[in-house]
Protein chains: 2
Amino acid sequence: MNGCHESDIETFLKSVFDLVLKEGVTEINDRTKPVINFKTPSELKQILDLAIPAKPASHAQLLEYCEQVFKYSVKTGHPRFFNQLYAGLDPYGFAGQVVTDVLNTSIYTYEVAPVFVLMEKYLLDHVCHLIGYKEGDGTFSPGGSYSNMLGMNLARFHKFPQVSKTGMRALPRIVIFVSKHSHYSNKKNASLLGIGSDDVIAVATDNSGRMDCSDLKQKIEEAEIQGATPFLVIATCGTTVLGAFDPLEKIADICEDKKLWLHVDAAWGGGVLFSSKYRQLCKGIHRSDSVAWNPHKMLMAPLQCCVFVTKHSNKLVKCHSIEVPYLFQQDKTLYSSEYDIGSKVIQCGRKVDVLKLWLMMKAHGSTGLETRINKAFLNAQKLTKLVEVTEGFELVCKPECTNVCFWYIPKRLRSLKWSLDDDNFCRKMAQVPPLIKEGMTQSGSLMVGYQPLDGKPSFFRMVVINDKVTTDDMEFVIKEIDRLGSDL
Amino acid sequence: MNGCHESDIETFLKSVFDLVLKEGVTEINDRTKPVINFKTPSELKQILDLAIPAKPASHAQLLEYCEQVFKYSVKTGHPRFFNQLYAGLDPYGFAGQVVTDVLNTSIYTYEVAPVFVLMEKYLLDHVCHLIGYKEGDGTFSPGGSYSNMLGMNLARFHKFPQVSKTGMRALPRIVIFVSKHSHYSNKKNASLLGIGSDDVIAVATDNSGRMDCSDLKQKIEEAEIQGATPFLVIATCGTTVLGAFDPLEKIADICEDKKLWLHVDAAWGGGVLFSSKYRQLCKGIHRSDSVAWNPHKMLMAPLQCCVFVTKHSNKLVKCHSIEVPYLFQQDKTLYSSEYDIGSKVIQCGRKVDVLKLWLMMKAHGSTGLETRINKAFLNAQKLTKLVEVTEGFELVCKPECTNVCFWYIPKRLRSLKWSLDDDNFCRKMAQVPPLIKEGMTQSGSLMVGYQPLDGKPSFFRMVVINDKVTTDDMEFVIKEIDRLGSDL
């Protein structure tokens with residue numbers, strides 16, 4: 001076995017830390033370096049020596065492997081990475097993650113995670129307070145999809161507590177309402193929970209992508225007439241593509257009237273709660289029954305960092321706890337079993353995700369986090385303006401969040417009449433983004449995603465998050481896309 | 001906001017790395033230091049300054065917070081930590097985790113995780129090969145419970161593909177068979193999936209905790225007579241408490257005969273696949289339809305590191321994929337969409353858990369990992385012998401795995417007749433472990449768990465994993481429990 005000598009291992013780990021600092025921290029903001037050094041799967045398979053050997057590799061060889069991993073991985077912390085709903089890396093969050101890594105424990109009992117259990121409880125209370133819940137409970141989770149699943153499961157249990165034991169067989173047809181722009185996890189979760197994706201009913205949106213409340217009301221009533229039992233509305237704060245915020249106050253009125261659970265998927269947009277300037281985008285969120293929020297998105301916490309909270313204090317434990325004598329001993333003498341928080345989740349072992357968030361909140365203070373959120377909005381507004389005034393760029397809709405969605409029109413198409421009803425025009429426009437994307441990937445200059453929506457041809461979605469991004473970067477994005485695309 | 005100067009942040013991160021090395025690597029094997037510095041929840045709340053401030057904390061203050069986290073956290077890497085089904089920390093795994101942290105990406109598309117997508121595919125193929133699947137597919141998952149849930153979901157979809165769209169309403173009553181010693185996640189998952197925990201049918205075990213196959217057959221036939229539809233048997237390789245391995249060949253015979261999906265929960269015991277000496281404990285595992293295995297348990301990979309594999313190559317993608325134009329673009333020009341592996345899982349964003357496992361496999365080679373597994377078994381055998389020959393210790397059953405389960409009998413109870421049928425005797429015996437546990441927690445000398453089982457009074461479960469553990473540590477465990485308990 002490798003590493004017989006402790007001091008050798010220390011030296012090796014120090015070399016890894018040096019490499020990590022260089023690649024991930026010191027040089028990550030160097031705009032002259034590429035965001036990605038792209039290789040196709042077949043090229044990369046040739047380069048990487050993936051095979052597991054019988055005998056140990058040397059420390060020097062292991063370091064080379066690490067260097068290779070850095071060389072061919074995407075630099076998501078680079079200020080020109082705008083491809084996903086995460087970007088950048090908070091260094092204090094990273095520090096908290098490394099401390100968590102080495103402490104290597106699971107957050108299910110106070111016995112093995114005393115500090116993290118108290119810290120998680122504190123932070124979840126803090127999030128409940130930010131949302132405006134008077135009381136509440138919650139958990140960290142492995143992803144936004146998972147948090148939405150928890151909301152769906154609690155909502156079902158709230159209305160039909162017998163479901164835990166007897167399953168869906170004992171229930172009527174139950175239906176869920178989401179905006180048509182809501183995240184795809186809602187359908188996947190309905191399949192998983194045995195509800196079925198057909199019973200996730202899509203509600204129309206307005207031109208900005210927000211849920212249309214008169215359509216919501218109508219769809220609920222139609223379902224009732226068909227004999228189905230509505231039990232849940234999932235509203236979104238910050239939709240995945242357009243970044244739209246559903247009108248929570250109006251939706252909450254309907255949910256209160258119809259006695260439906262309101263779950264808010266604020267995985268992306270929940271970050272605005274930290275900004276006194278933008279938190280009104282989530283107005284009414286305190287009236288929800290549960291909320292999913294991912295600090296690893298807008299807040300720049302390291303992946304994974306996801307929070308689920310509910311205003312119903314005992315619902316998680318009622319829904320999920322079962323007797324587990326080997327883990328949650330009831331005859332413990334040194335502390336109360338309420339601190340064995342594993343009983344309220346579905347998982348057994350659960351990764352500790354709280355320290356990174358807590359440490360970065362300490363490091364920046366609430367004012368620092370507010371500054372970060374406001375800066376991202378400012379950059380997105382700058383980009384929006386540039387899109388509006390630059391030839392060849394066309395905004396998809398006025399952004400509410402820090403996603404800026406736009407088409408780019410190559411020179412040869414600019415003389416055509418702008419018409420999204422014209423199939424021929426749309427087909428030509430749809431061919432543009434994949435080619436520009438290919439160009440930026442090959443040059444490594446920039447990473448931005450694209451997609452079609454509602455029958456509209458593919459457009460770019462620029463997501464602004466990283467606090468190292470400047471207004472100059474916004475200008476670069478415009479120039480670079482124009483450079484790559486004007487002659488297509 | 002904190003950390004305006006990049007060089008300050010580097011200095012801070014270097015100090016954190018120094019602390020991490022000292023606390024988590026250099027001093028972790030020092031047996032003169034406590035495994036835990038226990039404080040009650042109310043004491044610890046007084047010590048920790050959890051509140052989120054408005055203004056940034058200084059780097060010095062942040063370092064103090066990190067020091068405090070170390071001071072009051074459990075040292076799960078300490079050679080006297082035997083409390084859970086994880087222990088120790090592979091330093092190469094840790095290095096891989098830190099590299100993963102700083103690269104901070106999600107493994108759903110090749111576009112943002114090219115190296116990790118290929119590496120994950122390679123390692124999953126490797127695991128399929130170890131199991132003996134001729135072909136297969138899989139994914140890393142956030143936990144063993146989650147992996148078992150994937151097995152349950154695939155099994156249901158395999159028999160009733162319509163369930164994804166129309167839910168459980170369209171299905172007959174479907175039932176699942178597990179041994180009564182199987183993990184509690186199976187019940188929780190059945191509740192979650194809308195099957196209902198009542199339809200998880202417990203099968204009897206033999207004296208060593210292995211599934212009783214004649215009872216399995218009988219339970220299946222009883223369910224059929226009652227009009228239920230069996231679809232899944234979940235066997236366990238390494239049960240949570242006793243470490244029993246269910247007889248897979250016999251169970252596979254029954255599953256083949258009855259056309260049932262066989263899922264193997266090898267979260268704990270799957271590590272033996274790396275040992276030519278002990279892999280026969282999983283004999284027949286190649287005949288299963290799916291397997292859950294957690295390298296973060298017996299293999300000492302850092303948490304979280306969990307694998308789910310199935311022999312059915314296209315089942316995951318068929319069960320889980322839906323159209324997601326914003327993420328899985330079908331008109332990509334540089335690589336085939338088969339490399340966008342996010343379409344085969346339920347999650348959207350997913351943490352990268354492969355690099356830590358891959359790097360430690362490179363570092364030790366397969367021979368090194370085999371040595372590690374064999375050493376844990378050797379230590380467990382040594383402990384078993386000590387339990388057998390030492391006065392006051394009584395083995396619960398001969399261990400198959402590296403869990404060693406035993407009672408400790410204080411002096412005053414040694415004159416009583418040993419009778420597990422005697423309620424009075426059992427009540428007295430059940431009071432012993434919580435008090436010894438309190439003693440070891442207060443002194444910080446040792447961490448071992450305990451639980452009752454099948455009406456038997458609570459006993460200790462020693463789990464041997466960490467490769468720093470020696471036979472001297474096994475002797476220490478015996479002496480320390482005797483010291484803490486003899487006069488109780």
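Reminder, nothing fancy here: chain letters follow the sequence lines and each chain counts from 1. Only a predicted model underlies this, so the values are computations on that prediction, with no experimental measurement involved.
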Using side-chain heavy atoms (C-beta onward) and a distance below 4.5 Å, is A:Leu359 in contact with B:Cys66? yes

Please classify the contact between A:Val98 and chain B as side chain, backbone, both or neither, with a heavy-atom cut-off of under 4.5 Å. both

Looking only at heavy atoms, which two atoms of A:Gly88 and B:Asn104 are closest? And how far apart? O-ND2, 3.3 Å

Specify which of A:Arg461, A:Lys356, A:His183, A:Glu23 makes the most heavy-atom pairs with chain B at under 4.5 Å. A:His183

With a 4.5 Å cut-off on side-chain heavy atoms, are B:His364 and A:Lys55 touching? no

Residue B:Asn83 versus chain A: region with a heavy atom under 4.5 Å: side chain

From CG (B:Leu171) to CE (A:Met168), nearest 0.5 Å: 11.0 Å

Which atoms of A:Leu355 approach chain B - backbone, side chain, both or neither, heavy atom under 4.5 Å: side chain

Looking only at B:Phe116, B:Phe70, B:Phe157, B:Tyr146, the option with the highest number of non-hydrogen pairs under 4.5 Å against chain A is B:Phe70

Heavy atoms only, distances under 4.5 angstrom: which of A:Pro53, A:Ala54, A:Ser197 has the most pairs with chain B? Name it, please. A:Ala54

Side chain from CB out, backbone as N, CA, C, O: work out which of these in B:Leu193 comes under 4.5 Å of a heavy atom of chain A, or both, or neither. both

Is it the side chain or the backbone of A:Ala430 that comes within 4.5 Å of chain B heavy atoms, both, or neither? backbone

What residue in A:Ser42, A:Gly449, A:Gly365 has the most heavy-atom pairs under 4.5 Å with chain B? A:Gly365

Please check if any side-chain donor atom of A:Glu323 sits under 3.5 Å from a side-chain acceptor atom of B:Tyr184, or the reverse. no

Interatomic distance, NZ@A:Lys188 vs CD1@B:Ile322, rounded to 0.5 Å, equals 5.5 Å

Side chain, backbone, both or neither of A:Val16 within contact of chain B (heavy atoms, under 4.5 Å): side chain

When every non-hydrogen atom of A:Asp331 is compared with those of B:Pro434, the smallest separation belongs to OD2-CG, 3.4 Å

Ranking A:Gly24, A:Ser164, A:Pro325 by heavy-atom pairs under 4.5 Å to chain B gives rank one to A:Ser164

Do the side chains of A:Met149 and B:Leu192 get nearer than 4.5 Å, heavy atoms only? yes

Closest heavy-atom pair and its distance - B:Lys45, A:Tyr339: NZ-OH, 2.9 Å

Side chain, backbone, both or neither of A:His320 within contact of chain B (heavy atoms, under 4.5 Å): both

Could you tell me the separation between the OG1 atom of B:Thr100 and the CG atom of A:Leu303, rounded to the nearest 0.5 Å? 11.5 Å

Quick check on B:Ser185 against chain A: is it the side chain, the backbone, both or neither that has a heavy atom closer than 4.5 Å? neither

Using distance alone, with no hydrogens and no angle criterion, decide if B:Glu438 and A:Thr333 have a side-chain donor and acceptor under 3.5 Å apart. yes

Parallel under 30°, tilted from 30 to 60°, perpendicular over 60°: which one fits the rings of B:Phe12 and A:Tyr92? tilted

Looking at every non-hydrogen atom in both residues, tell me the closest pair between B:Ala95 and A:Leu13 and how far apart they are. CB-CD2, 3.8 Å

With sequence neighbours left out, what residues match B:Arg169 under side chain to side chain contact (heavy atoms under 4.5 Å, CB included)? A:Arg173, A:Asp199

Given a strict heavy-atom distance threshold of 4.5 Å, which part of A:Lys437 is in contact with chain B: side chain, backbone, both, or neither? side chain

When the 4.5 angstrom heavy-atom criterion is applied to A:Tyr326 and chain B, the contacting part is both

Which atoms of B:Tyr72 come close to chain A, meaning under 4.5 Å heavy atom to heavy atom: side chain ones, backbone ones, both, or neither? both

Nearest 0.5 angstrom please: B:Gln329 CD to A:Ser458 OG, how far? 7.5 Å

Taking all heavy atoms of A:Ser145 and all of B:Gln347, pick out the closest pair and write down the distance. OG-C, 4.0 Å

Looking at A:Lys362 and B:Asp49, does any basic side-chain N land under 4.0 Å from a carboxylate oxygen? yes

For B:Phe17, which atoms come within 4.5 Å of any heavy atom of chain A: side chain, backbone, both, or neither? both

Which word best sums up how the rings of B:Tyr65 and A:Trp358 line up, parallel for under 30°, tilted for 30 to 60°, or perpendicular for over 60°? perpendicular

B:Leu44 portion near chain A, given a 4.5 angstrom heavy-atom threshold: both

Heavy atoms of B:Leu62 and A:Ala363 approach each other most closely as CD1-CB, 3.6 Å

Distance-only polar pair, side chains of B:Gln84 and A:Ser106, donor-acceptor under 3.5 Å: no

Side chain, backbone, both or neither: which part of B:Leu19 has a non-hydrogen atom closer than 4.5 Å to chain A? neither

With distance as the sole criterion, is a donor-acceptor pair present between the side chains of A:Tyr86 and B:Thr105 under 3.5 Å? yes

Segment of A:Arg156 engaging chain B (4.5 angstrom heavy-atom cut-off): side chain

B:Gln431, part contacting chain A, at a heavy-atom distance under 4.5 Å: neither

Pairs of heavy atoms under 4.5 Å with chain B: top-ranked of A:Leu50, A:Val115, A:Asn29, A:Thr40: A:Leu50

With sequence neighbours left out, write down each residue that passes side chain to side chain contact (heavy atoms under 4.5 Å, CB included) with A:Ile36, or none if nothing qualifies. A:Phe38, A:Val74, A:Met447

Interface moiety of A:Val241 toward chain B, non-hydrogen atoms closer than 4.5 Å: side chain

So which part of A:Leu453 gets closer than 4.5 Å to some heavy atom of chain B, the side chain, the backbone, both or neither? neither

Which region of B:Leu21, side chain (C-beta onward) or backbone (N, CA, C, O), has a non-hydrogen atom less than 4.5 Å from a non-hydrogen atom of chain A, or is it both or neither? side chain

Max heavy-atom pairs within cutoff under 4.5 Å with chain B, candidates A:Thr76, A:Ile52, A:Asn153, goes to A:Ile52

